[in-house]
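Computed from a predicted structure; not experimentally measured. Chain identifiers are assigned alphabetically (A, B, ...) following the order of the sequence lines, protein sequences preceding nucleic acid strands; residue numbering begins at 1 within each chain.
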2 protein chains.
Amino acid sequence: MSCSLAQPSDTSPKRSAILKAGAQLFMASGYANVSMDAVAKEAGVSKATLYAYFSGKEALFSAIVGERCTAIAAESEEMASHAESTGAALRELGRVWIRFLMSPQSLAIHRTVIAECARFPDLARGFYEAGPGRGRAWLGRRLAEAQQQGELRADADPLVAADHLVGLIRGDLYMQAMLGGPVPDDAAMDAVVDAAVAVFLRAYGVPSPR
Amino acid sequence: MSCSLAQPSDTSPKRSAILKAGAQLFMASGYANVSMDAVAKEAGVSKATLYAYFSGKEALFSAIVGERCTAIAAESEEMASHAESTGAALRELGRVWIRFLMSPQSLAIHRTVIAECARFPDLARGFYEAGPGRGRAWLGRRLAEAQQQGELRADADPLVAADHLVGLIRGDLYMQAMLGGPVPDDAAMDAVVDAAVAVFLRAYGVPSPR
DNA sequence: GTCTATATACAGATAGAC
DNA sequence: GTCTATCTGTATATAGAC
């Protein structure tokens, strides 16, 4: 993966403080609107110390996004524990996933990475592969298993089905949220997931025997 | 709409050149990475002239995005001419729409507006309403008509159905493209649309009489 | 390693001649 | 209106003392 991972070896408290402060500021205001002075002040260190840990602003940004990559990958794996793949299980999975996607943290990292896609193309690709791409592949495998167990239409491409399920749940919410629109409350998200899973099962469920 | 429209009254060639140059640079490199010097140079005017037409960088950016809003709204209306709403007509509509969404221009304006969502929240909202929101509402009305004509399940919410159709077509393509991934070729886009419409009709079409 | 103070560069915006 | 030349602030990055 091009998203070179942060080594867990360095656990210096100053380094952690810098990363935390940088993440907060970059996510809130964007890469260009945050000065190294601001990061140093927020982290409670001097600028010289900051430059002792990171060779420059770009390196700091890369390290921060890299850490979020690993965190998101870990969360994706965590979601994988929500196992089964039909009916109530799909709804439960969808509820967890839509809350994750609509969380302020997720929206902020998406905005930030998309914004700097031109300046840091490798970072954007690495982010996709660590986050959305990994989740997509995992869901595709889950649906393939469900298909082999006869819970899904035999003529379906599991990866296409995964895209469809995700697309149905996401609907217009992601676009609205990314463009500063309101984030729905829990009840609204649940309703969206219920409707999406119902449609998915109508299209992909095996015809009930009559 | 909060996206105050650019008056077509001012057709000064220098103004047009500035807007064109600014749009090109902002879309390619992002708001913060483009200097007013660069815009002036690209437009072939001096910086003082630039400031004679626009009070500052933010005003220039707002004017550019505002123009794209009207252009996108016009294109949405144009798409509305692709009328009917089932089967082949939905596929045709989807093909036009996915090409529009995946076009370099569309991706660039989305990236730019999302990137500056924090600094220009009104602009982002206006963009949503002029672009994605308008298209969504239009599709919802079309599907409501189709429903009244018995071409769509009677128990469906047309706006939810619109979200589902759009989500099915978009799938993972938008996320991938926004994060710097490859844009699919025409054949791949057509295949995506065909699969999406097929699923949509399985879920939302009226059960065929037997 | 950590700090204060500073070098260097470039951005946005303007003054004044024509 | 348009240009050249310039002002002023601020950003990244570093030098040197402790």
task = List the atom of L19(B), the atom of A63(B), and the distance in Å for their closest heavy-atom pair.
result =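 Looking at all heavy atoms of both residues, the shortest contact is CD2-CB, 4.2 Å.
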
- S46(B) has a side chain; which of dC3(D), dC3(C), dA11(C) sits nearest to it?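 In terms of side-chain proximity for S46(B), the closest of dC3(D), dC3(C), dA11(C) is dC3(D).
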
**T49(B) vs dC3(D): side-chain N/O to OP1/OP2 distance below 4.0 Å** =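 For T49(B), the contact criterion (side-chain N or O under 4.0 Å from OP1 or OP2 of dC3(D)) is met.
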
| message | Tell me whether D186(B) is salt-bridged to R95(B), with the criterion being a basic N under 4.0 Å from an acidic carboxylate O. | response |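 Looking at R95(B) together with D186(B), the answer is no, because their closest N to O distance does not fall below 4.0 Å.
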
Grab the [atom1]-[atom2] distance between [X] and [N] for me, whole Å please.
X      : N       : atom1 : atom2 : value
K47(A) : dC3(C)  : NZ    : C1'   : 13 Å
F61(A) : dT12(D) : CZ    : C1'   : 17 Å
D37(B) : dG12(C) : CG    : C1'   : 9 Å
I18(B) : dA13(C) : CD1   : P     : 14 Å
N33(B) : dC10(C) : CG    : P     : 15 Å
R15(B) : dT2(D)  : CZ    : P     : 13 Å
Y51(A) : dA11(D) : OH    : P     : 11 Å
L60(B) : dG12(C) : CG    : P     : 10 Å

Check your understanding: Can you tell me if D172(A) and Y128(B) form a side-chain donor-acceptor pair at under 3.5 Å?
Key ->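 Side-chain D/A pair, D172(A) to Y128(B): present.
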
TODO: Please determine, by modelled atom types, if S103(A) and S106(A) share a side-chain donor-acceptor pair under 3.5 angstrom.
DONE: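 Judged by distance alone, the side chains do not pair up.
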
- request: Could you tell me whether K14(A) contacts a base, only the sugar-phosphate backbone, or nothing, with contacts defined as non-hydrogen atoms closer than 4.0 Å?
  value: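 Sugar-phosphate: the residue K14(A), judged by heavy atoms under 4.0 Å, touches backbone atoms but no base.
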
- Task: Report which part of the nucleic acid V34(B) touches: base, sugar-phosphate, or nothing (heavy-atom distance under 4.0 Å, all strands).
- Result: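 If one applies the 4.0 Å heavy-atom cut-off, V34(B) turns out to touch the sugar-phosphate alone, with no base involved.
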
**Q.** Among Q147(A), H164(A), R153(A), side chain to side chain donor-acceptor pair (under 3.5 Å) partner for Y204(A)
**A.**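 When Q147(A), H164(A), R153(A) are each tested with Y204(A), the side chain to side chain donor-acceptor pair (under 3.5 Å) holds only for H164(A).
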
Exercise. Between S35(A) and A48(A), which is nearer to the 5' end of DNA chain D once each is assigned its nearest nucleotide?
Worked result: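 Residue closer to the 5' terminus by nearest nucleotide: S35(A).
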
**Prompt:** Quick one: does K57(B) reach the base of dA11(C) with a side-chain donor-acceptor pair under 3.5 Å?
**Reply:**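 For K57(B), whose side chain was compared with the base of dA11(C), there is no donor-acceptor pair (under 3.5 Å).
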
